[in-house]
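Worksheet: one structure, shown below.
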Amino acid sequence: MQRDADRLARLLTAEQGKPLAEARGEIAYATSFLEWAAEEGKRLNGDLVPSSSPDKRILVLRQPVGIAAIITPWNFPAAMVTRKLGPALACGCTTVIKPSEETPLSALAIGELACEAGIPPGVVNIVTGDPGAIGDALFNDDRVRKLSFTGSTEVGRMLMSKASKNLLRLSLELGGHAPFIVFDDADLNLAVPAAVACKFRNAGQTCVCANRFYVQAGIADEFTARFAEAIGTLTVGNGADEGVDVGPLINDAAVEKVESHVDDAQTRGGRVIVGGHRVAVDGLADRLYAPTLVSGMTPEMLLCREETFGPVAPVAMFHDEREVIELANASEYGLAAYFFTRDASRLMRVAEALEYGIIGANDGAPSTVQAPFGGLKHSGFGREGGSYAMHEYTEIKYVSWRL
Ligand code: NAP
């Protein structure tokens with residue numbers, strides 16, 4: 001993957017639409033999961049536990065969980081595959097991967113490289129096609145022992161019930177609705193660029209992207225003005241063209257959903273400060289939406305409740321810490337949350353109070369290979385990344401050994 005990084009990045013942009021610079025970043029991120037897991041495979045240690053009987057010893061072994069079904073979404077067509085495949089292989093599991101119909105090519109390219117790298121036939125299997133039929137084949141085959149799924153909460157819930165038939169081990173990385181909180185004492189030189197990157201990366205089509213901005217009253221006008229100015233400088237266009245910051249959305253339904261969320265916000269009193277419309281570019285399908293800022297967000301708005309999965313930043317004002325924690329936690333989701341403050345005591349208090357698996361404290365880009373990526377509540381369970389991922393693909397067995 002390192003050797004072919006440029007080719008893989010271009011393929012990713014061609015099938016998914018994200019700007020080439022982001023696709024290059026995704027390929028590097030995707031590669032890091034293989035490298036990290038390969039290293040960590042050396043440390044799948046067991047335990048020797050003292051027994052309460054003096055003539056016994058207890059040996060704890062970690063063994064591969066077995067055949068792992070891997071189902072991935074379209075928004076990170078390479079990284080979501082390797083984030084699962086790396087630890088699965090390192091733990092000794094064989095895999096059956098089902099990428100999204102929208103973006104099967106990156107997964108297939110990774111599969112070709114696996115063959116070239118000498119991974120034996122039958123270890124990395126990739127199946128494309130009708131998701132229901134593939135899912136049913138996997139869930140009805142009692143050789144499959146594990147499901148690792150990344151995708152929407154709705155589909156995750158449905159697959160969880162299907163996986164109950166054979167009591168599969170489950171990792172579910174589901175949707176999110178991230179709050180992004182800016183306190184009065186925040187460093188806006190950090191918070192504004194972080195807000196732009198966190199919101200508009202992949203045109204807002206990421207599970208950890210900021211969905212709701214809460215800004216404290218004393219800084220609200222300044223933050224909103226600087227955020228609007230920064231949004232206005234983003235270039236929308238073909239992801240394959242250098243210098244483009246925001247590419248097209250994945251399909252027509254995605255653009256319609258964004259439009260309906262912005263319309264809904266306006267009918268409920270929201271005000272579009274920047275954007276709020278499609279952008280036409282010659283030669284491209286009508287799937288570009290202008291980076292948008294909406295002020296006056298209220299809890300009833302769709303923008304504030306559902307994943308918009310598009311380049312829209314809704315902003316609301318708050319007054320105190322307790323109020324904003326309540327607002328931030330008032331979501332069924334619990335994947336990522338962000339906040340900006342210079343107060344160290346508040347930093348710890350707020351990090352502990354937010355009901356989210358991933359907290360960006362003065363950080364808009366917390367995802368990295370070493371960290372235990374994963375959610376709480378309806379964002380699922382299980383952790384991917386670092387040594388934590390290895391637990392998802394190993395079973396624990398113990399041997400009670402009488403001397
Ligand atoms: P999705 O509609 O839930 O699809 C995810 C995967 O499930 C796709 O491969 C899809 O196949 C497959 N699938 C759908 N129905 C199935 C069935 N009956 N049996 C087996 N497989 C089935 O999600 P998406 O639209 O691709 O991705 C966006 C969602 O993923 C968002 O909610 C986002 O927040 C979430 N996400 C979460 C994380 C995380 O780490 N927590 C990371 C990235 C994305 P088809 O595409 O072929 O229909």
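When a ligand or atom number is given, it counts from 1 through the structure's own listing order. Values below: all heavy atoms of this structure, side chains included; hydrogens, waters and symmetry mates excluded.
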Indicate whether any N or O donor in one side chain lies under 3.5 Å from an N or O acceptor in the other, for [X] and [Y].
X: Thr298; Y: Glu300; value: yes
X: Asn189; Y: Arg226; value: yes
X: His177; Y: Arg212; value: yes
X: Lys84; Y: Ser171; value: no
X: His391; Y: Arg383; value: no
X: Gln370; Y: Thr368; value: yes

Are [X] and ligand 1 in contact, using a heavy-atom cut-off of under 4.0 Å?
X: Glu384; answer: no
X: Trp74; answer: yes
X: Gly132; answer: yes
X: Met158; answer: yes
X: Ile134; answer: no

Could you list the atoms of ligand 1 found under 4.0 angstrom from a heavy atom of [X]?
X: Pro99; result: 9 (O)
X: Asn75; result: 43 (C), 44 (C)
X: Ile71; result: 6 (C), 7 (O), 9 (O), 12 (C), 20 (C), 21 (N)
X: Leu174; result: 37 (C), 38 (C), 39 (C), 41 (N)
X: Glu101; result: 45 (P), 46 (O), 47 (O), 48 (O)
X: Ser100; result: 9 (O), 46 (O), 47 (O)
X: Thr150; result: 5 (C), 36 (N), 37 (C), 38 (C), 39 (C), 40 (O), 42 (C), 43 (C), 44 (C)
X: Glu307; result: 31 (C), 32 (O), 33 (C), 34 (O)

Could you check [atom] against the protein and tell me its nearest heavy-atom contact, residue, atom and distance included?
atom: atom 35 (C) of ligand 1; value: Gly151 O, 3.2 Å
atom: atom 36 (N) of ligand 1; value: Cys207 CB, 3.5 Å
atom: atom 40 (O) of ligand 1; value: Arg83 NH2, 2.8 Å
atom: atom 14 (C) of ligand 1; value: Val155 CG1, 3.7 Å
atom: atom 33 (C) of ligand 1; value: Phe309 CZ, 3.4 Å
atom: atom 11 (O) of ligand 1; value: Lys98 NZ, 3.0 Å
atom: atom 22 (C) of ligand 1; value: Pro131 CB, 3.5 Å
atom: atom 27 (O) of ligand 1; value: Pro73 CB, 3.3 Å

Sub-3.5 Å N/O-N/O distance, Thr72 and ligand 1: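 The answer is yes, given that Thr72 and ligand 1 share an N or O pair closer than 3.5 Å.
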
Does Ser152, backbone or side chain, put an N or O under 3.5 Å from an N or O of ligand 1?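 By distance alone, the answer is yes.
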
Sole residue of His261, Gln266, Arg268 in side chain to side chain donor-acceptor pair (under 3.5 Å) with Asp264: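 That would be Arg268.
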
If we check side chain to side chain donor-acceptor pair (under 3.5 Å) with Gln16, which of these qualifies: Asn202, Thr103, Asn75?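 Passing option: Asn202.
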
In terms of the angle between their ring planes, are Phe227 and Phe213 parallel, tilted or perpendicular, with boundaries placed at 30° and 60°?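 Phe227 vs Phe213 ring planes: tilted.
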
Tell me whether the rings of Phe33 and Tyr29 are parallel (<30°), tilted (30 to 60°) or perpendicular (>60°).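 Phe33 vs Tyr29 ring planes: perpendicular.
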
Closest approach of Arg342 and Ala186, non-hydrogen atoms and distance?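 Between these two residues, the closest heavy atoms are NH1-O, 3.7 Å.
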
Where do Ala30 and Thr82 come nearest, in terms of heavy atoms and distance?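 Looking at all heavy atoms of both residues, the closest pair is O-OG1, 2.9 Å.
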
Would you confirm whether any non-hydrogen atom of the protein falls under 4.0 Å from atom 4 (O) of ligand 1?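 Flag for atom 4 (O) of ligand 1 set to false, no protein heavy atom closer than 4.0 Å.
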
Please check if the number of heavy atoms outside Glu154 that lie under 6.0 Å from its CD is greater than 12.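 No, not enclosed.
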
Using a 4.0 Å heavy-atom cut-off, say whether [X] meets ligand 1 through its side chain, its backbone, both or neither.
X: Arg157; answer: neither
X: Phe373; answer: side chain
X: Thr206; answer: neither

Mind checking whether Phe180 and Phe340 have ring centres under 6.0 Å apart?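 Aromatic pair counts; centres sit under 6.0 Å.
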
Can you confirm whether or not the ring centre of Phe183 sits under 6.0 Å from the ring centre of Phe223?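 Aromatic pair excluded; centres sit 6.0 Å or further apart.
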
Check whether NZ of the Lys or CZ of the Arg Lys98 lies under 6.0 Å from the centre of the six-membered ring of Phe149 and within 45 degrees of that ring's axis.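 Pair Lys98/Phe149 does not count as cation-pi.
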
